[in-house]
Each structure stands twice: as structure tokens, then as C-alpha cells.
There are 2 protein chains.
Amino acid sequence: MGSDRSGRTSWRSRADGLVILPAADYASAGRQERSGMGRQGSRSREQGATADKARVGLRRVAAVAGVSTATVSRVVNRPESVSEELRTRVNLVIEQLGWVPNAAARALSSNRTGAIGAIFPALALGDFARAIDAMQDALAARNHLLLLARSQYDPDLEFSQARKLVERGVDGLVLVGSTRSAAFESFLSRIEIPYLNSFVFDAESPVPCVGPDNAVSMSEMVDHLVSLGHRRFGMIAQTTRNNDRAAARRDGVRNALARVGLAIPPQGLVEGEWDIAEGRKLFRRILDATPRPTAIICGNSMLAVGAVLEAAAAGVDVPGEMSIVGYDDIELMSELPIPITTVRVASDDVGRVAADTVLDMIEGRAVGSQRIRSQIVVRASSGPVPSD
Amino acid sequence: MGSDRSGRTSWRSRADGLVILPAADYASAGRQERSGMGRQGSRSREQGATADKARVGLRRVAAVAGVSTATVSRVVNRPESVSEELRTRVNLVIEQLGWVPNAAARALSSNRTGAIGAIFPALALGDFARAIDAMQDALAARNHLLLLARSQYDPDLEFSQARKLVERGVDGLVLVGSTRSAAFESFLSRIEIPYLNSFVFDAESPVPCVGPDNAVSMSEMVDHLVSLGHRRFGMIAQTTRNNDRAAARRDGVRNALARVGLAIPPQGLVEGEWDIAEGRKLFRRILDATPRPTAIICGNSMLAVGAVLEAAAAGVDVPGEMSIVGYDDIELMSELPIPITTVRVASDDVGRVAADTVLDMIEGRAVGSQRIRSQIVVRASSGPVPSD
DNA sequence: AATCACTATGTAACCGGTTACAACTGACGC
DNA sequence: GCGTCAGTTGTAACCGGTTACATAGTGATT
């Protein structure tokens, strides 16, 4: 130890002060390689001595600061393990050189990327959008990046997106729902990165869940309507294919009704996606049912908006003749001429808690499922059953 | 060449057929290291001979297929440069071993990550949401991943998000708008990765633009209203602070009016964000103006929805007493009791073209700015000026 | 037959960090 | 005076791919 192979004085001999780069070094640092080339054109034989100071990298920082590469790395990653003096000196050099650690190199050697992947059915739907925003903020607060993918409610696409995210290197995965194909399941257990189910809650689940209890929210909604005297129900459910949350909501309604001896007749239960036009169309279909239901429960916000708008267009008095309620509280629900009674889920909490939970899992902490609060917001679209 | 250092027969001697892994090898492959550890526990001295066949990596694939690492790499990246025979053999082994290339290693050595960063003001607004979806699909089609960040219309946040994306390693950047701070500008020119401006169009711009011509769309809208006889205008603009698109739309309106000798009086021009409540509030304010305008142009869809709903609430006949038009065509615009005349921008084209353009730039192809089409969609909310 | 151009493949030096392990230092106890 | 222990710091071997350059093979040309 002591003198390096270039024959210059040892780093130790100049370790007492910050070494300012001579002009020549600045010039060589400025020599920019064309991007996309990626290989050092003319390192030929001389690579040893001084050439490796060209680009700003950890080794360069170490050399200028007069410390080892390990120390620089520690200053960045575990500052408390380095003496005060070295820490400030190294930080100063980092600042001065404008060094930015290369994430790929870091990922390669440390086996973690600092990125979390999340796969949502859609990115712009009210509840998902809010969750994404909150998740991104929560991850950023703990120095992680969010990689988003979109499955369009297609299980195959979801699987392939998961694959891609894993290839790309994510330290954790946030998924939506808890039902998935056997192949996907086995993929998830093979790769050994932590993941969780969001927007669902199941205390028994072996994989952590973060979300509202979809069935319970809907039960409460049924209770609300029953207490208003309603006995004949219709439901415009969100399509339950590939969507266990929607299925849970539908079943929540069914079970709550069953508990008080009621049921939705077959012609009163329809399913649709999540746009206004669909809500309108399905509402029309329910209108034709006899006897006509006095309360209609919609599986999401857009279906509810469609139903309410179509009711107005068809001259149906809401809530005089019929009550209509929804799920998910977007701004529009309270701004329409007839504000809509709905279930409000703290979707931003879903995002925030999901982020924190998956990070905790990565850090090896024990975590459990978390139920996110939801409540019904009563507005003008629900009222007492008509007196016939 | 010929025999490897483990003393086994040379790869060449068994190059004529696919070598099936002996059981012993499978066993050692199954020995899984705990994730998060990342260091090979006991490689101590023996690392050379056969130990490096443990985990599935490119070298392992090469060994099993009886080819060099370079060949495996080429099979993956430039298949056409490898003979048919080797290609199929290697692909078979890749399949058989279930090898997935490590993205970090690839990024480190090739200097490209296969990821594109995009920073949008918000992710769930109609036009951005559609663009994001389309962009993601277009990138996936060319084997790239989209990294999304959100600036919340805050230039500082936008800058810091850009920094983060660059640290994380993106090959290109898609930004929104074309005005930014000098510091951000200089950062963009320092780092040498391609980027473009989306949702704006400027044929003169040195950095490629992909978007509608905000001013022109609004001019057309003004022409439409003027042709209906309107002379007194109001505008609920989207806030123009940190938003050159909104400013362009406002100026487009102003200039088009000026061309026919008209102007919006000061009290007829208000600014708001982008929610319904804001649209309602601002509409009320314009109602108080005297003389009351006969046509109101809104800077985005939510402001227009708010204005139309508030008009209904206030008993203002639309379009009998007053015409109200918007910008951006989301489903709601056509489903409200009074469907709203608006500007429809092909936002998905913005996303698709932006993706292709930035990839072309990365590949060194020459690209130019592209104007994305937009058109006004006339609906019930705009009509002839009232006859006083 | 020697030479040349070209293609297919292998060898090994990288990319830029992290971290196990060793080496050193000073304090403390006996 | 010496062994032990805890706290710092350095050395160098990795992580798992890519690719410049060398080499071998194959016809075609002279």
C-alpha cells in the first residue's frame, strides 16, 4: 500500500486537503464520448495510469478526494459508517465534480434497483389514478421510483407486464386484486421479490392485502337503502370477469340482501364496463323489468353517472321514483344536477399504504394485510322508497 | 482454444448436438441464494472451474449450448448475424434454462436501458391519459418501457423528476410544453439524451415538437362562434402560469377575435385550474359582468362542464341565451343533458407519434416536429347569438 | 496456389458501482 | 507490556452482460 502504480505520490500523502482539479483534467473530462457508442474508443494499451480519470465516476471521485472507492461508496450509502472528516471531504468532491452514480452499475452490483413496479388495470380511472399519485409520492419519500404498467383487465397482459417489470428489475411489485392464473402464481413464487395485492382486503390471505373490503362497503350501502324502505333492487354491476373486486361488490350486495330476505331478480342484474354510455344503456334495460326496482346499485362511478343521466333523460324522478347509488367518489358525483350517493374509498391511502408496505417487505420487516377505510356518502340520489 | 480450463472435453467436440444438463448441474442450479444478499457466500478459492455454472446467466447458457458468450449475446441482440443452426440451438437452451437477461448488466455494458422517461403535469387528465396509454403501447411495440413521472404543473418538480429519470437511466425523454427554466434547459443540453416537447407545435423549434397547434384550434373555435353571430365573448381560461399550452389557447382566442375587431373585456377573462367546482365558480363571476357575454370559451373540459352545469343551476338557457364551448373531448362532454361543443385533439396520436419520434432520435434518425390534428366538434351547447 | 474479401465465431477487456475481508489504529483491561 | 475489541479504511473480486478485435473458414479472383 502507499503508492499507486502510476508512480505518483500515494493518496495518503495528499489526504490532508482537498485537491483541486488541474485545468488539464477538466479538459479531458469535457471530452465527451458520443452517446450510443458506449465503448472507449482509444484506450488501447495505456488504460492503467491516468486515463481512467477521464469520465467522472466513483473511482475519479475517490482519487480526487484521496480516499478509496469503498469509502466513497460508503459515504453515499451508509454515511454513518464513515468519519465526519472524510464524509464532508468526499461530499464536497462529489458536489464539485457533479458526480451522479450510475444506477445500472449500482443495480448490478447490489442486486437492487430502487424501483417498484405496479400493474393497474387502467391508469386514469378515479380510484386508481388517486392511488397512483399517492403511491408515487410515498415511494419518492423513501427514495424509490414507480414503474407503471397497465393490464387493461386482461390477465395475460397482466402476466406479461409483470414479466417485463421483473426483467427490467424491480425490487417489489404492487398488483391489483388477488385472483390470478396458476402460471402467474408460480411465476410470482419463483422470482423471489416481494409483492402485494391492492384494492382488496382479506385478513386470511398469505400475501399481504391493502385495500377496502369491497363486500362490506356494499353491505353498508344495502343497509342504507333498506333502511329507507327499499325492497325491490336492481344492480348495474361492473363486469366481474377478471375482476374480483367487482365480483366482491356484487356478492356483497347479494349477501346483504339475503340477510334481510331479499334478492335481485335475474332481469334486475346487468353487467357493464365503466363508461357513461354503458350506464345509460343498462339502466334502460333495467327500466323495462317488471316490477320495476325502486333502488339501483351501480358498480362504479361512471355507470352511476350514466344511470342518473339516463333517468333524467327518460323522465324518471330520482330519488322520487327511484334511488340510484354508485361506487367510488369522483368529483363529478357531487356536481351533477342530482348529486349521487356513493361509496367513498380512501384510494390515496391504498396507494400510500401499498407503497410503504412493499418497501417494508423489501427491507425484511414483517407486514400484514391492511384494511383501508371506506364510507358511504349520502347525497340526493337516494331517498325513501316511493309510497306506490 | 479448444479445451476449457476445467479439463473437460472442448465445447467444440460436443457442438453437434444439444447437451442436456446432467442431474448434478440441475441440483446446483436449484441451490438458491437468498435474495437481498447478492454476494456469493462461499466462492472462496474455487471460483474458476465449474462453480460459475451455478446461476443461470449468459455464461451458463453459452456453456450448455457449446458456444461463446458473444454468440449468445448476438443471438439475443442481432440474430441475423448468427448462423441459422447456432441460433436455433442457442434459443433452445435459453428456453430450456428459462434464462432472462439481466437488464442492469445489459444497461451497464451497452450504455442503453431500453426505457423512455415521460413527465406529465398530471396522469389522469383526459388528454394526457389517452396519450400515455398510446405512448406505452407504441413503446412496447418497439421493445421499450415507459417510465412515468408527474410534475403537477410545478417547474421545479418537473426538473427534479427529470433528474431522477436521467439518473435512473432513460434513453430518451418526453416532456410536455416548450417553456422551461434556464437551469433545466442547460441540464437538458448537458446530458446527451434526446428529448422532445409534446402537446405543443412549433415548426421553428430546434427541439422536435409533437402536438396540436393550440392557438389554431382555438382560432377555429372563435371563427365558429363568430359565424354564429357572437360578438361579446368571455373566457374561462386554464391557468396560464407554468402552462404554455393554456397560454397559447388564450392567445389564440385573443388573436382570432382581434382579427375581426373584437376583444374580451378584462372582467370577461378569468383563469382557473381544472375541476368542475372551479368552472362553476368562474362562470358565476362572468355572469355578473355587464354587458353579459353571449359566448363563453373554456380552457379545458372540466371548466366547461362546470360552466354548463352552473348555467343550468342558474337558469341560464344554453345555448338560447348563451353559448358555452370547451377544449378536449372526454366522454362526459357528449353525455351531459346539454352536450358540449369542444375541440377534439387526437391525444392518442400525440402519444404514439411522440414515442416513435423519440425512438427515432435515439436511433440517430433525423426527425422533425409533427403537428397533430385537432378539430372542433359542434354540439348543442353552441348556437346562434340570441336576438336580444 | 496465393491473395483478397467477407462472414461466422471466440476471447477477454471492459461498463461503474458494492462489499467481503483484511489491515490498521487506538483504547482498555489485566 | 500485551492481547482483545471496536471502529475505520483500503484492496480487489465480483455483479452479468456487450463488443472491439483477433481468428478461422470459405469462395472468388488473379
Side-chain angles (χ1 to χ4, degrees), chain A residues 1-2 4-5 10-12 15 33 37-45 47-48 51-52 54-62 65-78 80-87 90 99-113 169, chain B residues 1-2 4-5 10-12 15 33 37-45 47-48 51-52 54-62 65-78 80-87 90 99-113 169:
Chain A
M1 178 218 306
D4 62 21
R5 54 207 190 294
S10 85
W11 55 264
R12 201 164 274 287
E33 98 203 276
M37 198 284 194
R39 209 36 103 183
Q40 61 305 336
S42 57
R43 181 174 302 226
S44 27
R45 73 234 71 164
Q47 87 282 49
D52 55 0
R55 270 183 297 297
V56 179
L58 170 135
R59 286 171 175 82
R60 171 77 174 285
V61 171
V67 299
S68 72
T69 59
T71 298
V72 175
S73 179
R74 286 190 201 104
V75 166
V76 173
N77 299 306
R78 293 208 323 281
E80 73 284 358
S81 74
V82 177
S83 72
E84 171 90 32
E85 189 221 333
L86 280 194
R87 202 187 319 151
V90 170
W99 174 57
V100 174
N102 177 316
R106 186 177 240 172
L108 180 57
S109 62
S110 69
N111 235 11
R112 16 183 31 267
T113 61
Chain B
M1 178 215 310
D4 62 20
R5 52 210 189 294
S10 87
W11 55 264
R12 200 162 277 284
E33 99 204 273
M37 198 284 196
R39 211 36 103 184
Q40 61 304 338
S42 56
R43 180 175 302 227
S44 26
R45 72 234 73 164
Q47 88 281 50
D52 56 0
R55 269 183 298 296
V56 179
L58 168 136
R59 287 171 174 82
R60 172 77 174 285
V61 171
V67 299
S68 72
T69 60
T71 298
V72 176
S73 178
R74 286 196 277 265
V75 166
V76 173
N77 299 306
R78 293 208 325 282
E80 73 283 358
S81 75
V82 176
S83 73
E84 172 91 31
E85 189 221 335
L86 280 195
R87 203 186 320 151
V90 170
W99 174 58
V100 175
N102 177 315
R106 188 177 238 173
L108 180 59
S109 63
S110 69
N111 232 12
R112 14 181 35 266
T113 60

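In what follows, chains carry the letters A, B, and so on, assigned in the order in which the sequence lines appear, proteins first and then strands, with residues in each chain numbered from 1.
Contact annotation: A:Trp99 side-chain N/O to C:dG16 OP1/OP2 distance is not under 4.0 Å. An OP1 or OP2 oxygen of C:dT9 is reached within less than 4.0 angstrom by no side-chain nitrogen or oxygen of B:Ser68. Between B:Thr71 and C:dG10, a side-chain N or O to OP1/OP2 separation shorter than 4.0 Å is present. The phosphate of D:dT9 has OP1 or OP2 within less than 4.0 Å of a side-chain N or O from A:Ser83. Between A:Asn77 and the phosphate of C:dT18, there is a side-chain N or O to OP1/OP2 separation shorter than 4.0 Å.
With hydrogens and angles ignored, a donor-acceptor pair closer than 3.5 Å exists between the side chain of A:Arg74 and the base of D:dG10. Counting distance only, with no hydrogens placed and no angle test, the side-chain atoms of B:Ser81 and the base atoms of C:dA8 include no donor-acceptor pair under 3.5 Å. A donor-acceptor contact under 3.5 angstrom links the side-chain atoms of A:Arg59 to the base of C:dG17.
Scored by the side-chain hydrogen bond (donor to acceptor under 3.5 Å, both in side chains) test, B:Ser73 finds B:Asn77 as partners (sequence neighbours excluded).
Following rounding to the nearest Å, B:Arg106 (CZ) and C:dG16 (C1') show an atom-to-atom distance of 19 Å. Distance B:Arg78 CZ to D:dG17 P: 17 Å, rounded to the nearest Å.
The B:Ser110 side chain lies nearest to D:dT19 when the options are D:dA12, D:dT19, C:dG17. Checking D:dG16, D:dG10, C:dT18 against every side-chain atom of A:Leu108, the shortest atom distance belongs to D:dG16. Listed nucleotides: C:dT11, D:dT9, D:dT11. Nearest to the side chain of B:Thr69: C:dT11. With distances taken from any side-chain atom of A:Pro101 to the nucleotides D:dG17, C:dA12, C:dG17, the minimum falls on C:dG17.
The shortest side-chain heavy-atom distance between B:Arg106 and B:Val76 falls under the 4.5 Å cut-off. A:Val75 has its side chain out of reach of A:Leu86: every pair of non-hydrogen atoms, C-beta onward, lies at least 4.5 Å apart.
For B:Trp99 against B:Leu58, the heavy-atom pair with the smallest separation is NE1-N, 3.6 Å. Between A:Ala107 and A:Thr113, the shortest heavy-atom contact is CB-CG2, 3.9 Å. A pairwise comparison of heavy atoms in B:Ala105 and A:Leu108 identifies CB-CD1, 3.7 Å as the closest pair.
Residue A:Val72 is classed as having no contact, given no heavy-atom separation below 4.0 Å to the nucleic acid.
At its two ends the helix from C:dA1-D:dT30 to C:dC30-D:dG1 runs along axes set 50° apart, each axis drawn from five pairs and the angle rounded to 10°.
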